[in-house]
Structure formats: structure tokens, C-alpha cells
Asker: 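Have a look at this one before I ask anything.
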Amino acid sequence: MEYNFAEIEEKWRKRWIERKTYRVNIDPKRPKFYVLDMFPYPSGAGLHVGHPLGYIASDIYARYKRLKGFNVLHPMGYDAFGLPAEQYAIQTGQHPAVTTENNIRRYREQLDKIGFCFDWDREVRTCDPGYYHWTQWAFLKMFGSYYDFDKNRARPIEELIKAFERSGTEGLHVACTKEMSFSADEWNKMSEEQKEAVLQNYRLAFRADTMVNWCAGLGTVLANDEVKDGLSVRGGFPVEQKRMKQWLLRVTAYAQRMLDGLNRLEWSDSLKEIQRNWIGRSEGAQVFFPIKGMEEKLEIFTTRADTIFGVTFMVLAPEHELVGRLTTPEYKEAVDKYLEETKKRSERERMADTKRVSGQFTGAYAINPFNGVEIPIYVSDYVLSGYGTGAIMAVPAHDSRDYAFARHFNLPIIPVVEGGDLSVESYDAKSGKMINSDFLTGMDVKEAIPAMIAEVEKRGIGSRRINYRLRDAIFSRQRYWGEPFPIYYKNDVAYPLPMDRLPLELPEVENFGPTADGEPPLARVKHWCTPEGYPYELSTMPGFAGSSAYYLRYMDPHNDKELVSKEADEYWRNVDLYVGGIEHATGHLMYSRFWNMFLYDLGYVCEEEPFKKLVNQGMIQGRSNFVYRIKGTKTYVSTGLKDQYDTQEIHVDVNIVKNDILDIDAFRKWMPEYVDAEFILEDGKYVCGWAIEKMSKSMYNVVNPDQIVRDYGADTLRMYEMFLGPLEQSKPWDTNGIDGVHKFLRRFWRMFFDRNGELALTEEEPTSGEWKTLHKTIKKVTEDIENFSFNTSVSAFMICLNELGNTKCNKRAILEPLVVLIAPYAPHMAEELWERLGHKTSVFDARFPEVDEKHLVEDSFEYPVSFNGKVRFKKGLSLSLSPKEIEAAVLSDPACEKYLGGKAPRKVIVVPGKIVNVVC
RNA sequence: GCUCGGAUGGUGGAAUAGGUAGACACGCGGGACUUAAAAUCCCGUGGGCAGAAAUGUCCGUACGGGUUCGAUUCCCGUUCCGAGUACCA
């Protein structure tokens, strides 16, 4: 009876759908477990073998948990709004909904072939009105909320309005764009428009005039995480800074909570580190410097308050609001010219030459509040307007950038901390003894910082301050294929659409590009306004909007009254295991946490963090193959001989190469130009060269999972992807080892049958060796799944089979538990075997085997003791060297006693320089 | 520049509360079965030296030190590779 994987897998794919094997419902009698994959954006290219890696791992885990008695929620859906479908639409006129639908169908086909246990009844698509209803709903909730730092949570904006009516801004401690100060009286006298303008300063979803990343190539604004090296992540177009009115989400209000929350999550340290850096908390002080001849003061932020006596100049960002006012007439022309120049330099250019020093003196002076010294004020683009206060006190002796600036403009450099050689470089380290610093002199830097901050506060010229690098998230996109904002305008004041009018559906347009005068595509819609005639917002929401709360929707996907019912939320709570790529560290995984915390604050969900444990699968790279053509000929030379000729390296399709050996016939048929190719072989074979590259069509190294499933079956694909190496590690796809895994499955199958293909298991009692093999494997596989070491558990199965194969074990008591054990990895084969073993129900309704320790008892063990003139046991025993004495010492050692359980050992073998072997 | 990871045979990778390094698999070599191929099975496989052989022995986990009876594992330094981030005051 051969293992006919094609037939078996086809049968069970159908059976699972018919029987609804993977449907889940709330079941209070069983503990829940929520396993989630990051849902895919269905691109036109379909899946390659790298995509399912994480899905296979989570699928194994989900099936394992189910076998362990958990009620497992394991859903799948599609992140369906997004740029590629829209770009394609602009080029071809094909509606993005159509392209998206086609791509989804293709994805589904491919996913189904791999045998995942998704509950497809819970599928969500972010572009469905029934889904984005709740994206819009959440947005309106944010619009209607503010953040209270005293209560440390979001509250309805009505509470803030009441506070304003009662006592203005007095005593408020809330998140805002800009500090405001007014009395209750002033508030009450404001017009509706004025009040709304004030509230925009506090709402968690708000509209503001800000510097944005404008990408002309895509015709839209981008969030910080969508830009890399000054280019758009999607498409690679240049990005420039532009001032525009945009919708934003006040994620900065949650900076500290998101930072603190990380400590309670089971995420990898590297991922947590990335988020910590992205939030970028830094502790320091805000200090106000008087400006000579002006009432106004210059506010700066510094983490090095201790170095205040070393300040020799001040620098403002070019966009700083004081630049215009404090520049003296004789410097006006030069400053304007400098501002003009920096404006022209793109973000990318600025980043490219960070070493170039540029700046301009404004003619104005600040006064050092501690020693009265007048300090020149400069403008320079090395100071960023978006961080801190957009102004700094420059201490060239202890900051490398200030040092470079001072050198360039010949400004004084005053050391205030001992150490380093200031003639060469600045001394930036936060340690050493203070000098030239009045009351700080003699202190260490670590004491001087708090001492100075205390002094600043005492004199009332500033205070301790915590700054975050995190910025508010820009939420508008000037695109078509996204969620419309449920917002309309009256006299340019934004109003929320009433909740009962949601969802606000995306209207049809005949052209998906921006309008001639640069308006978003929705401007083309004739009556894009409320029934009362008020115009709707023209931009749409960004990609991360739909993916921020999708894990909640899976809990209750068909509910049209709420995002998720209380019952469903309280049962499923949050995601126990989330598997996905690390590239979402600063995007989706930040926004989701923010979004969930917000819903938590308002009482809509019962957990503060959305994803308890998170595992990042590595990327699967492509392994390209090459042939070497002798230049100017049609002769191709094998790798080992290529140095003897003048050759050209040519990519060859990896699908016609096996174990780096070229299939010559297939090569001749591959492309017309190779029909009459000649070969110079090594040992009768053509050996190809290889390299690890990104998996891409142009390098002919894309391997399609469908093809692997066709040739080897889904179970082999699943096990092989796990066998490739540690899940979290990036590794090249390489089919070299796939035969080994496939061979294992065939051998496993054959264990159950005789020559005639009849099931041939006996009820005989297994030997102690067979029991031991079984339980050793159960133990190892269980531990490995719990630790996500899927690669070593595949090895454990192979070892198990090697051991059982030696004795040709065909005992039911051993083989039946192994079927359940392997079911998470090879579900199709396990189901088939389970059925043939006479079971009427799915193998996934069985229970995962438990380890029975009594079968694992060792009959001999090694007692780790070394020998070198004297012997020291781990417990700290020390003795002289005769073997007899060693034996006595080993036996009297409490640890040994524990091993032996009171019995006398049969033999103690002393291996000098090695170990002591104790045999029972 | 800063932060975080990593480096083990021809290849992918095992093994760390410090205890016989190289599990498992691929590849390669040899053999069995077969008219032949496929499939299947068995044996060998880190390197050097000695030996006809069994075997013995030395060296080996990027490099140099350290702690230890004992280090792939812990500590310090160096090199290389990867990832994140980048005028963040």
C-alpha cells in the first residue's frame, strides 16, 4: 500500500469542509485559546513558499492546542484596502474591488491546498462595508474622546467640555497638540466654530496643520513608518516635507502606556527593543532662556542640564516660529536666504550629507540664566522642528554635532566635564567630574543632572520633562481605495456623521487618479455630501486603519450592532499567540496596541493589550541557480570548470535544477535561445552555481507552494518548511532536503501496512524499549511545540521512526498515539490513518498523548564528575584521587542519592579526565 | 555612529541552570536487490597522525585572552556578517 498523498489530501480537504471540522463557537465549558496570523494583503503575484511559513507554524500550534483540549479560535481574512490595487486601477482602469476579489480567490485556493485549520466562517475583509463600519465607528469614538493624564485613560470629550465650562483650562492635565490657557468665562463666550477649533487641540482623532511626508509619486501623504531612507516603502518614490491640513491620531498620548505595557508582553526582546526605540523616551529638562531685548523667552529641551555652563550658542530649527521675530534687520537677508536653501533640500538630501555643516547667525542673543553670558542664536537644519521644542542649547564640548558646528563657525568650546581631548573631538560620555560649573563643580555627571534640574525648578525657569520621539499618526490619505471618513464639513468645521448612518460607503468613481488640481479622487464624485448637502471629507483612511482591530472582529464577525459583543469579547478576550513578520514592528503592531488601549479605556474591550505572545517568523529568501556561458558561444560550462574559460553568469530557473544539477533537457526547452545549447560537464553532470537572493520573478528563483504540494503533498511541504531551521531565523528556500522529509512520511505510512496493503497492527504488548521510544518522542515533541522548536520536533519523529523501524514495530499501542502526535504536522495523513484504525471521528477530536514518566526511567546514567588530581562535585565536595575514594564519594553525594533513589549502584566507572559513570 | 542579534563539518542545522560537540537530514562514497531504471534497504562520512585491522592518539564550535577539574555554552577584547535606527539635543 503506497502512500498516495494526492488522493488522501484531496479527500480530507473535502471532508473537512463538509464536516465543518474547524468551525468554532463559544464554549464556556472549555478554556479558550486564540491563535492568530497576520492577515495577508492579497497581491497579484499569489503566494510563494515564504508566505505560508508562519501560517504553518501557527496551524501546528492551533491543532496542538485543540488536541490538548482547548477551544481554539484560528481565523483568517484579508487586508484588502491598499495601494497596489489602486495603482493597478489607475494604470488599467480595472476597479480595485475586482482585482482584489480575484486575488483573494487565488489566495484562498493556495491556502486551502496547504491544509490549514482556519474557521472560514469567520473570514473578514477590510474593504467590506460591514467590516469598515467598525473602523469608521472607532474613528468617530476617537474623534469624540480626549486623554486625561490624571486618570490615565481616554474619556468622552463631553467631560472635557464640562470642565471647560466649569473652570476653563485650570488644573487640567490632558493630552494636547499645544498648551492652551483660558478661563471658563472665555470658553463660554466662544462661538461654536471657536469652540470646535479649541477642541481639535484635544480630540484623539483631530485635524491639524502639520508637516507631513508628502509623496508626489503616489500623490498622497504617508506615515513615518511608511517612509524609509526618504523614499516611500511602497513604490520607492521620493518623499518630501510639506505643511498640510491632515487628520491625525493622538497616539503620543499613549506613549508611556505603550512603553510600560511592553514589559508585560511575551514578545521577543528585539521586537520590544524596536518599539522602545520608536517611542524613544528621553528624560531631561525644559529650560527657558531669556532673549536679549525681547519679552519672549526661548524654550529648549535638553537631557544634559548639567552642561548648562558650557553653552556657547543656541540653535533654532529653520521652521521655528521665533526665527522671523528675533532675527535682527542686518541679518534678515542672510537668514532668509538660508531658510530658502534648506527648504529646497529634500529630506533625502538632508539625510545623505549629515556631515555637512550649515547654518546662519540671526544677530540675536540669548542670555544664560546661570551666569548672564550673552549667547549668539543661530539657525540650522541639524535641529529638527518636530522633536523637543525645535530649539537647543549648544554645548560643543560635550555634543559631537554642536562640536562640528562650533568648529565650522569658530565658536568657543568650554569644557564642563573632565575627560576626552577637545582638540580632536567632543567628550559626549555621561560620566566624569564637573568643572567650570559654579555650584556643580566637583560633582559627578550623574549627580549633577538632577541637581541642576532641581535648581532650574527652584528658580522657576523650567522643569523636569520627558520627551518622546513618537509622533502622532497622520491618518489621511489622498487616495480612493480606503475607508471614507465619516466626517462632513460646515463652514470648514468638521462634524461627525451620526453613528446610525454608518457605514459611509465608498462611492464609485470613473477615474481612480487624483484630479487635475491635485484633489483626492473622491473630489470627482458629483454628490459626495450628506443628504443635507454638506460636503464629506475627501481623503480616505490609511492601510493601518483596517488592520488595527481586525482580531476583535474575528470574535464576532457577523455582528451588525457592535464591533464585538460583550459575550464574545469576554470569552475570547485577546490573542494568545500572534505570528507574523517583524516588518510590522513600528506600524501595525504600534497602531493596534494604541487602538486596543483606546477601546479598553472606553470599556468596549476587556484586555488592555491585544497580543499576549508574539512570534516573528523569519523571511524565506530565494536560492538562485546559475549557468555559465562561454562568452560569444552557445556552450555552457559546469561550475567547477568555469575558471578555465571567459564566462558570463546567467540566472537559470530553479525549477529545472535539482540539488544544483541542471536538467539539461528541460534547460533546452526552457527558452528558445537555449535549444541548441552545448555543455561541458563535470563527471557527466552539469553543476550549477548558486547564490542567496531575494525571492523574485526576475531571478527565476520563485518557488510556488502549489508545485511543491503537487509533487510531494501538503504534509511534506508543512513538515519540510518546519524542518528548514528555527522559525524565527531567516533562511533560504532550498529543496535539497525535501526528499528526506517526504521519505520519512512514506516510511511512517508503511509502518501500518503489510505487503498486501492491509492494515497490519497487532495488539501485542510493546517492549520496554518501544514504550521508551514512544514516550521519549511524546516528551520531546510536546516540549518542542511549546517552545516553537518545530525543526527539532521533526527530527524527533525521524529518530522515533528509526528506532521503531529497527525492530519492525507494528504494535497498535505504540503506533496509534504516534498518529495523534504527528497530526498537527501532517494532518491529512493522520486523519486517513486514524480512520483506517477504525475511528469514526476526526483525529482532532482525540486527545494529545501524555508522557508517562515510568517508561522513561534510565537504567544507567552518567554522573558528571571530572578527575584531575582531585575531584569536585557540583555540590562542592572535594576529595583525593583514588578510584575507590571517588566511588565512595560519588555514592555518598546527596545528588547521587537522588539519582539512585536509595538503591545501591551496580558499578561505578571512573574515567580519568572525563566523567564518572554510575550504572544501576 | 548608536542599539540588538549572530558566527559549529561539503550543506541546512542539533546540543547551553558549564559535563562524551556534530543529533536529525541533505550531499558524497561503498554495497544489497533488479535485465535495467525508479523505489527500497544496509554500511561509511569533521580534520591530522600511527596501524593490515580492531583501534589508538592529537587538533577542532570565527580569532586572542580569562574564570573553571572541565567552556560551543560564562566574562573581557578583536574580526566579520545580519537586522533596526539615524542629525532625537
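All values derive from a computational prediction rather than experimental measurement. Protein chains get the first letters and strands the later ones, always in sequence-line order, with residue 1 at the start of each. Basis for what follows: all heavy atoms, side chains included, without hydrogens, waters or symmetry-related copies.
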Asker: Please work out whether the ring planes of Y382(A) and F405(A) are parallel, tilted or perpendicular, with thresholds of 30° and 60°.
Answerer: tilted
Asker: Hey, does the side chain of K272(A) come within less than 4.0 Å of rC4(B)'s phosphate (OP1/OP2), counting only N and O?
Answerer: no
Asker: Under a 3.5 Å cutoff on both atom distances, Watson-Crick or G-U, what's the dot-bracket for RNA chain B ([ ] crossing, | other strand)?
Answerer: (((((((..(((......[....)))((((((.......))))))(((((....)))))..(((((..]....))))))))))))....
Asker: Would you classify rG30(B) as syn or anti? Syn applies when the glycosidic angle is within 90° of 0.
Answerer: anti
Asker: Verify the contact: side-chain N or O of S400(A) to OP1 or OP2 of rC87(B), cut-off strictly under 4.0 Å; return yes or no.
Answerer: no
Asker: Categorize P732(A) for me: base, sugar-phosphate, or nothing, with a 4.0 angstrom heavy-atom threshold over every strand shown.
Answerer: nothing
Asker: Mind checking F723(A) for me? I need base, sugar-phosphate or nothing, with any heavy atom below 4.0 Å counting as a touch.
Answerer: base
Asker: What is the distance, rounded to the nearest whole Å, between atom CD of E583(A) and atom P of rU85(B)?
Answerer: 12 Å
Asker: Nearest to the side chain of T586(A) - rC24(B), rU85(B), rA39(B)?
Answerer: rU85(B)
Asker: Given atom OH of Y825(A) and atom P of rA25(B), what is their separation to the nearest angstrom?
Answerer: 16 Å
Asker: Calculate the interatomic distance between N791(A) atom CG and rA14(B) atom C1'; express it in whole Å.
Answerer: 8 Å
Asker: Hey, is the side chain of N802(A) poking within less than 4.0 Å of OP1 or OP2 on rA25(B), counting only N and O atoms?
Answerer: yes
Asker: Any side-chain N or O of Q729(A) below 4.0 angstrom from OP1/OP2 of rG82(B)?
Answerer: no
Asker: Does the plane of the ring in H584(A) sit parallel, tilted or perpendicular to the ring in H588(A)? Use 30° and 60° as the thresholds.
Answerer: perpendicular
Asker: R281(A) CZ to rA89(B) C1': how many Å, rounded?
Answerer: 17 Å
Asker: So what does I274(A) touch, heavy atoms closer than 4.0 Å: a base, only the sugar-phosphate, or nothing?
Answerer: sugar-phosphate
Asker: Taking only side-chain N and O atoms of Y382(A), does any of them lie within less than 4.0 angstrom of OP1 or OP2 on rA89(B)?
Answerer: no
Asker: Does D402(A) reach a base, just sugar-phosphate, or nothing at all? Heavy atoms under 4.0 Å.
Answerer: nothing
Asker: If you compare every side-chain N and O of N467(A) against the phosphate oxygens of rA89(B) (OP1, OP2), does one of them come in below 4.0 Å?
Answerer: no
Asker: If we take the C1' atom in both rA25(B) and rA15(B), what is their distance in whole Å?
Answerer: 16 Å
Asker: Determine whether more than 12 heavy atoms belonging to other residues, nucleotides or ligands lie under 6.0 Å from atom CG of N263(A).
Answerer: yes
Asker: Phosphate oxygens OP1/OP2 of rU85(B): is one of them under 4.0 Å from a side-chain N or O of R276(A)?
Answerer: no
Asker: Indicate, with yes or no, if the rings of F797(A) and Y825(A) have centres closer together than 6.0 Å.
Answerer: yes
Asker: Would you call the rings of F301(A) and Y387(A) parallel, tilted or perpendicular if under 30° counts as parallel and over 60° as perpendicular?
Answerer: perpendicular
Asker: Answer yes or no: does a side-chain N or O of R746(A) lie under 4.0 Å from OP1 or OP2 of rU40(B)?
Answerer: yes
Asker: Would you please indicate yes or no on a ring centroid separation below 6.0 angstrom for Y720(A) and Y712(A)?
Answerer: no
